[in-house]
Amino acid sequence: MPFDKLGRSLKDLRISVTDRCNLRCSFCMPAGGEYEFFKRDEILSFEEISRFVRIVKRLGVKKVRLTGGEPLLRRSLEKLVEMISQEVEDIAITTNGFLLKEKIKDLFLAGLKRITVSLPSLRDEVFSKIVGKQVKVSQVLEGIYTALELGIPIKVNICVVKGINEGEVMDFIEFFRGLGVEVRFIEFMDVGTLNGWSLEQVFSAEDILKVVSEHYRVYPLERANGETALRFSLEDGYKFGIVASITKPFCGDCNRLRLTADGKLLTCLFASEGFDVKKLLRGGVGDEDIEELVKSVWEQREDRYSEERLEKKDVKKIEMFKIGG
Ligand code: SAM
Ligand code: SF4
Ligand code: SF4
């Protein structure tokens with residue numbers, strides 16, 4: 001198992017299966033932006049992706065998460081889930097949930113183990129404003145209910161942005177507590193270049209805890225190694241999390257490798273460029289040689305952008321919808 005320059009081992013792989021999306025969340029892919037998407041032949045095939053998973057499994061990867069853009073837009077995604085679930089035990093997906101109701105059963109039967117649904121609001125008018133078109137929260141909720149009926153473990157992410165949805169912290173806690181679904185509040189991050197991020201818009205972990213503590217006694221839980229969220233429990237045992245990459249960075253525990261839809265390997269969300277795996281996969285390079293090259297990419301890694309954010313001013317950043325969060 002390789003260790004990077006800061007002593008972190010490789011455990012998770014996050015794969016973006018497409019850079020396209022059916023929504024335009026203002027904090028990720030603002031409406032009206034000019035977007036250029038990968039062409040069909042630029043993105044990795046399911047065979048190429050599962051070959052890569054087989055290779056990195058030998059380097060210690062145990063968990064795979066499919067993301068995007070919106071991963072449910074990738075046709076026949078269940079086939080990829082089936083292929084990957086033969087390689088690793090834990091295969092999850094992060095989705096905006098819009099197509100979940102129609103797709104979840106096939107994904108579940110193919111071996112999908114867990115789902116994270118990203119939902120920025122429980123109010124139709126706020127949700128519509130955030131995504132730049134008329135949408136209904138119920139469409140996402142129906143997908144969540146269907147997943148719960150199938151017994152798939154599910155979490156809900158909300159990216160909290162001041163002035164947009166920070167007033168919904170308690171609504172999320174109460175609504176999802178009722179369903180037994182863990183919520184994770186994500187601090188608005190300075191990923192990419194398009195979302196107009198500023199520190200003033202970050203509703204911090206401290207702000208979130210202050211709101212919840214006005215209603216309930218909140219107990220911090222111990223953080224497991226490699227866990228990105230700070231986790232808390234209410235008196236009745238309901239658990240929620242906060243991903244505080246701005247105010248409480250967790251780079252020291254970052255065990256994650258990211259593969260973009262066009263086959264670039266990134267060792268950080270804030271990386272400026274990736275290592276071209278597609279060239280190797282399509283260039284007749286053998287599995288063992290690719291394994292060695294990926295190992296050396298990991299061993300040379302020393303990313304800790306979130307801890308160095310204030311010193312790093314002019315970093316060339318890749319957009320969130322190309323990396324997948
Ligand atoms: N489309 C899928 C979704 O929304 O779940 C998967 C890709 S999306 C890029 C992955 C996650 O990134 C989502 O949970 C989303 O809320 C989060 N995200 C996007 N932009 C963000 C930002 N600027 N700061 C924090 N989280 C962000
Ligand atoms: Fe699409 Fe997800 Fe980005 Fe929203 S956060 S625009 S759903 S990729
Ligand atoms: Fe990992 Fe980079 Fe995020 Fe730090 S900033 S936790 S190294 S992805």
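Positions are given from 1, in the same order as the sequence printed here. Counting convention: from 1, in listed order, for ligands and their atoms alike.
- The number of heavy-atom neighbours closer than 6.0 Å to CD of Glu102, taken from other residues, nucleotides and ligands shown, is above 12.
- In this structure, Arg301 has a heavy atom closer than 4.0 Å to ligand 3.
- In this structure, the side chains of Val243 and Phe250 come closer than 4.5 Å at one or more pairs of heavy atoms.
- With 3.5 Å as the limit, one finds a donor-acceptor pair spanning the side chains of Asp303 and Thr267.
- The side chain to side chain donor-acceptor pair (under 3.5 Å) test with Thr116 singles out one residue from Arg65, Glu182, Lys155, and that residue is Arg65.
- When heavy-atom distances to ligand 3 are checked against a 4.0 Å cut-off, Glu308 has no atom that comes that close, whether in backbone or side chain.
- Cation-pi geometry between Lys113 and Phe108 is not satisfied (NZ or CZ under 6.0 Å from the ring centre, within 45° of the ring normal).
- Within 4.0 Å of ligand 1, the residues that place a heavy atom are Phe27, Cys28, Thr67, Gly68, Gly69, Glu70, Thr94, Thr95, Asn96, Ser118, Asn157, Cys159, Ile186, Glu187, Phe188, Met189, Val191, Asn195, Met320, Gly324, listed by chain and number.
- Seen from the ring of Phe270, Arg309 counts as a face-on cation partner, given the 6.0 Å and 45° thresholds.
- For atom 5 (S) of ligand 3, the choice among Cys254, Ser306, Gly252 with the nearest heavy atom turns out to be Ser306.
- Under a 4.0 Å heavy-atom criterion, Arg258 is in contact with ligand 3.
- Summarising the local packing, CD of Gln134 is surrounded by 12 or fewer heavy atoms from other residues, nucleotides or ligands at distances under 6.0 Å.
- Glu168 contributes a side-chain N or O that, together with a main-chain N or O of Leu122, makes up a donor-acceptor pair within less than 3.5 Å.
- Relative ring orientation between Tyr238 and Phe240 is described as parallel, the plane-to-plane angle staying below 30° on a 0-90° scale split at 30° and 60°.
- Within the protein, the number of N, O or S atoms lying under 2.8 Å from atom 3 (Fe) of ligand 2 is 1.
- Under 4.0 Å from ligand 3, not a single heavy atom of Glu302 appears.
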Working for salt bridge (Lys or Arg N to Asp or Glu O under 4.0 Å), residues Arg304 and Glu308 = CA-CA 6 Å; Arg304 49 187 202 93; Glu308 300 174 321; 3.6 Å; yes

